[in-house]
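Below: one structure, written as structure tokens.
All of these numbers come straight from a predicted model, not from anything done at the bench. Order of listing sets the numbers, starting from 1, for every ligand and every atom in it.
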Amino acid sequence: MTQEFSRRSLLGAGALGALLPELAIGRAPGISSTQIEAPVDETDAAWAPVRALFMLKPGMAYMNNASLGMPPRLVVEAVAAGYEAISREPLHGKHDLQEIIATRTIPGLAAMFGVEPDEIALTRNATEALHVQATGLALRPGDEVLISTQEHPAGRAPWIYRQAADGVVVREVFIPSPLETAGDVVARFEAEITERTRAISFCHVTRGGHMYPVRALCAMAKRHGLGTLVDGAQAVGQMPIDLRELGCDAYSASLHKWILAPSGTGFLYVAREARDRILSVFQPAATAGNPGIAPGGTADFPVRAATATALGLVNDLGLHRIEHRCRFLSDYLKAGLGDLRGVTLLSGPRDLSCPGSTIFEQEGRDAMAAVPWMEEVGQIHLDEHQRDGHNAIRVSTHIYNTTDEIDRLLAALS
Ligand SMILES: Cc1ncc(COP(=O)(O)O)c(C=O)c1O
């Protein structure tokens with residue numbers, strides 16, 4: 001379906017043309033879909049117009065983006081317009097939303113991550129994608145898969161299922177927190193490979209913000225003839241990512257965290273070359289526009305179509321600028337934490353920690369109790385991080401946060 005046809009069809013749909021304004025429709029994958037000027041530097045002043053796009057309750061400092069991101073108003077409006085469209089004219093509405101998904105959302109994701117549209121399948125979240133990729137990998141009883149000790153339950157659970165259902169042996173490789181060096185992470189995985197090992201499965205960015213050396217891990221795994229399956233839930237949207245360059249076979253992502261898409265959005269990438277090794281119970285449903293690796297059927301079309309709007313905004317801002325802005329804020333936070341007594345930063349060196357998430361412990365502070373307390377005293381939303389034996393607080397700052405909000409947090413901690 002050409003771009004022009006798609007556009008005509010949208011506008012020709014009567015009510016839908018009016019309901020889905022230019023903002024919601026976007027223009028083309030990889031091209032601007034908003035009127036937002038890219039900020040000239042990383043400062044709060046330059047990003048103030050971007051902050052103004054969000055609907056957050058006045059006075060609230062939301063620093064829990066790693067749990068759930070905030071879609072900006074234009075994305076919320078695109079979702080609403082889509083639901084209105086399928087409610088007023090279900091037949092045309094559905095068709096036109098499917099058009100947006102097929103011509104903008106999926107190609108937009110493919111362009112953003114350096115792959116082909118038929119390598120991308122939309123899912124409801126990373127959890128669904130992680131299950132499809134892990135349950136789809138061709139394995140025999142006794143075959144081994146290595147995962148890290150830092151996996152999210154959504155990344156670990158499908159392997160535990162395969163262990164029980166298929167006799168696959170799942171071995172967990174201990175990875176320290178903070179990470180020591182990229183070489184150390186690779187060496188720890190490589191040391192656990194046996195002649196029965198068939199694949200490694202790990203996070204790109206962990207819940208605590210540790211960033212794994214994905215390219216080096218995939219290259220090492222390839223040398224041993226192993227499959228590589230990656231959990232990118234915490235990575236996409238924080239920085240530019242080229243999936244082809246990373247070299248993994250499969251990659252699962254959430255779009256409702258750092259990419260600012262509506263809640264209930266994610267994708268699964270399966271490299272064409274890996275398609276014969278990563279099958280899916282949905283495979284028989286494969287068609288030209290749908291690789292058949294993810295659940296098909298009627299979906300939340302308005303939400304998926306509105307994802308194109310979020311991608312347009314991210315393109316307008318530029319992932320490299322988003323990365324710099326996130327780094328600027330977390331560097332500011334880390335410098336402030338360094339001035340506080342009793343604080344131990346657990347985020348690790350810059351090349352091994354993601355731009356937006358910071359974890360730390362504070363002597364005498366129970367992280368679990370700190371979360372509701374911060375909300376109560378300062379309207380500050382954070383999360384605790386009780387993994388890897390830590391009693392840590394996680395602060396995940398995104399482009400819309402400000403140094404004033406971080407100052408408020410530092411003041412509360414002190
Ligand atoms: C590393 C990691 N993987 C997977 C998930 C699950 O993501 P979703 O809620 O999109 O299924 C999360 C959610 O926080 C996560 O942090």
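Residue N125 touches ligand 1 through backbone and side chain together, judged by heavy-atom distances below 4.0 Å. Under 4.0 angstrom from ligand 1, the non-hydrogen atoms of H256 all belong to its side chain.
Every residue two or more places apart in sequence or in another chain that forms a ring-ring contact (aromatic ring centres under 6.0 Å, His included) with F267 is listed here: F113.
Considering all non-hydrogen atoms of both residues, M70 and F54 come closest at O-CE2, 3.1 Å.
Contact atoms of ligand 1 toward S254: 7 (O), 8 (P), 10 (O) (distance under 4.0 Å to a heavy atom of the residue).
Using the six-membered ring where Trp is involved, Y400 and Y62 have ring planes that are tilted, between 30° and 60° apart.
In terms of protein heavy atoms, atom 15 (C) of ligand 1 is closest to H152 CD2, 3.2 Å. The protein non-hydrogen atom at the shortest distance from atom 1 (C) of ligand 1 is D231 OD2, 3.5 Å. When hydrogens are left out, the protein atom nearest atom 6 (C) of ligand 1 is T127 OG1, 3.6 Å; that is the closest non-hydrogen contact.
Rounding to the nearest 0.5 angstrom, the gap separating the CD atom in E172 from the OG atom in S201 is 11.0 Å. Annotation: the span from H210 atom NE2 to Q150 atom CD amounts to 5.5 Å, rounded to 0.5 Å.
Considering S263, A126, A233, S67 only, the shortest heavy-atom separation from atom 8 (P) of ligand 1 involves A126. When the options R207, Q234, K257 are ranked by their closest heavy atom to atom 13 (C) of ligand 1, first place goes to K257.
Under a 4.0 Å N-O distance rule, the pair R156/D231 does not qualify as a salt bridge.
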